[in-house]
Number of protein chains: 2
Amino acid sequence: MTGYDLKQHFDHSIYYFWNAKLSQIYPTLNQMREGGWLTMEVDYQEDRPNRKVYHITEAGRGELHRWLQEPVDMAPVRDAFLIKIFFGGKLEKEEILAQIRRYLMLHQEQLAAYQEIVQQAVQQNVEATGMVREGVFWGLTLEMGIRYEQGWIEWCEEAIEKIEAMDDDQ
Amino acid sequence: MTGYDLKQHFDHSIYYFWNAKLSQIYPTLNQMREGGWLTMEVDYQEDRPNRKVYHITEAGRGELHRWLQEPVDMAPVRDAFLIKIFFGGKLEKEEILAQIRRYLMLHQEQLAAYQEIVQQAVQQNVEATGMVREGVFWGLTLEMGIRYEQGWIEWCEEAIEKIEAMDDDQ
DNA sequence: GTACAATATATCAGGAGTTATATAGGTAAT
DNA sequence: ATTACCTATATAACTCCTGATATATTGTAC
């Protein structure tokens with residue numbers, strides 16, 4: 001694939017848990033080629049920029065397998081929204097409620113997007129071919145996404161109730 | 001506070017959703033002072049390095065309030081573990097199970113740590129003083145942490161079951 | 001038929017954050 | 001007494017990632 005092709009795949013599969021911009025992908029492909037994990041061939045084109053097509057090498061496959069097995073630490077959470085909640089006492093009740101209602105809406109939209117993907121997948125893949133090995137893992141990542149969004153939605157709803165129930169002079 | 005003091009507060013309160021190293025805190029304090037959000041006074045000490053004590057200015061308080069009200073986008077998820085799941089088809093069943101079991105354990109430990117904080121808080125604060133306004137918001141962030149860890153734990157348990165139930169030749 | 005968006009290819013400057021390094025006294029354990 | 005860790009202060013080098021910019025063609029809307 002070319003860097004551009006890769007970006008398309010990023011955006012249509014792992015986008016929701018790992019994204020990258022083209023300005024990161026291009027130099028990274030170069031580094032991986034220098035490291036021997038990829039080869040590059042130029043597909044010369046008239047009338048438009050040449051395509052730099054990358055192929056994985058045996059060393060690249062080996063490194064991928066090694067990396068997949070390597071233990072991972074928990075991904076650190078880094079969420080500015082939670083800082084705003086933490087300092088919620090510095091805002092008026094309505095100001096903090098506005099923040100939470102907005103965040104609730106964003107996560108509802110995200111959940112709907114995931115559920116849309118599930119529906120499409122059920123129609124296109126599962127009915128026809130059954131869930132093959134690769135599909136199971138793809139489905140697991142999507143389930144985590146749904147669970148994550150549902151968690152946020154429930155938290156937001158409970159938080160709104162609690163804050164609404166607060167004495168105004170508290 | 002000094003940069004060092006701030007680091008202690010980071011580590012003992014918002015650590016689980018926003019962390020910073022001293023090497024980020026010190027230059028940031030400088031930038032904030034240059035921007036007029038902080039003042040700095042030197043507390044001269046003999047026999048050990050002087051303490052640079054920072055105080056928030058009125059402009060700083062204003063900026064904090066402005067920032068707290070400013071809408072936030074959803075924090076992007078960036079979790080290498082989910083990439084490993086996504087490419088789980090490239091690993092042996094036992095290899096991928098080992099990954100998930102390890103991640104389950106990490107999140108169980110994290111949940112236990114949060115629940116420990118809750119217990120301490122119940123004993124120290126709530127019984128004595130009742131949950132005052134600030135404490136409500138602090139509690140909400142902790143609840144989100146607990147919900148998040150529980151979500152991961154449930155997902156891991158279900159994922160392990162599903163993968164164990166897979167045909168080996170699938 | 002013309003303007004605008006999308007496709008397709010990148011590079012460069014800079015910000016945010018981490019790791020490594022430096023220094024030096026105080027405290028607790030063995 | 002010595003080791004090891006904790007308090008306390010930073011700076012420098014580097015990595016990762018984003019945002020801005022450049023270029024040229026193809027498809028679409030008005």
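Every heavy atom of this structure was used, including side-chain atoms; hydrogens, water molecules and symmetry mates were not. Letters go in sequence order (proteins before strands), and every chain restarts at 1.
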To the nearest angstrom, how far is B:D5 atom CG from D:dA10 atom P?
11 Å
Sorted by number, residues from residues 12-24 of chain B placing a heavy atom under 4.0 Å from DNA chain D are B:L22, B:S23
Do B:M1 and B:I14 sit in the same hydrophobic cluster, where Ile, Leu, Val, Met, Phe, Trp and Tyr count as joined when their side-chain heavy atoms come under 4.5 Å apart?
yes
Holding to side-chain hydrogen bond (donor to acceptor under 3.5 Å, both in side chains), I want the full list of residues that pass it with A:H9, two or more places apart in sequence or in another chain.
none
For the helix from C:dG1-D:dC30 to C:dT30-D:dA1, what angle lies between the axis at the first five pairs and the axis at the last five pairs, to 10 degrees?
40°
Nearest-Å distance for atom pair OH/C1', residues B:Y26 and D:dT9:
5 Å
In whole angstrom, what separates B:Y4's OH from C:dA24's P?
18 Å
Would you indicate, yes or no, if C:dT9 has its OP1 or OP2 atom less than 4.0 angstrom from a side-chain nitrogen or oxygen of A:R51?
yes
Quickly work out the B:I25 CD1 to D:dA8 P distance and round it to whole Å.
14 Å
Of all pairs that satisfy salt bridge (charged side-chain N to carboxylate O under 4.0 Å, His left out), the ones with a partner from residues 9-24 of chain B, not counting sequence neighbours
B:K7-B:D11
May I have the list of side-chain donor-acceptor pairs in residues 25-41 of chain B shorter than 3.5 Å, sequence neighbours left out?
{"from": "B:T28", "atom 1": "OG1", "to": "B:Q24", "atom 2": "O", "distance (Å)": "2.6"}
{"from": "B:N30", "atom 1": "OD1", "to": "B:R33", "atom 2": "NH2", "distance (Å)": "3.3"}
{"from": "B:E41", "atom 1": "OE1", "to": "B:H55", "atom 2": "NE2", "distance (Å)": "2.9"}

Is B:F10 linked to B:I117 within one hydrophobic cluster, defined over Ile, Leu, Val, Met, Phe, Trp and Tyr using a side-chain heavy-atom separation of less than 4.5 Å?
yes
Considering heavy-atom distances to DNA chain D, does B:Q8 or B:K52 have its closest nucleotide positioned more toward the 5' end?
B:Q8
Salt bridge B:D5-B:K52, side-chain N to carboxylate O under 4.0 Å
no
Using the rule that Ile, Leu, Val, Met, Phe, Trp and Tyr join whenever any side-chain heavy atoms are under 4.5 Å apart, tell me whether A:V53 and A:L22 fall into a single cluster.
no
Starting at atom CZ of A:R78, determine the distance to atom P of D:dC17, rounded to an integer number of angstrom.
13 Å
Please state whether the phosphate of D:dA8, meaning OP1 or OP2, lies under 4.0 angstrom from any side-chain nitrogen or oxygen of B:T2.
no
Figure out the CZ/C1' separation between A:F10 and D:dC17, and round it to whole Å.
12 Å
Contact list please: residues 27-40 of chain B against DNA chain C, heavy atoms, distance less than 4.0 Å, in numerical order.
none
So, B:Y148 and A:D79: side-chain donor and acceptor under 3.5 Å apart, yes or no?
no
Pair B:R101 + B:E164: basic N to acidic O under 4.0 Å
yes
Whole angstrom value for the distance that separates P of D:dA10 from CG of B:L6
12 Å
How many whole angstroms separate atom NE2 of B:H9 from atom P of D:dT7?
13 Å
Connected via hydrophobic side-chain network under 4.5 Å: B:M74 and B:V77:
yes
Closer than 4.0 angstrom, basic N to acidic O: yes or no for A:R66 and A:E70?
yes
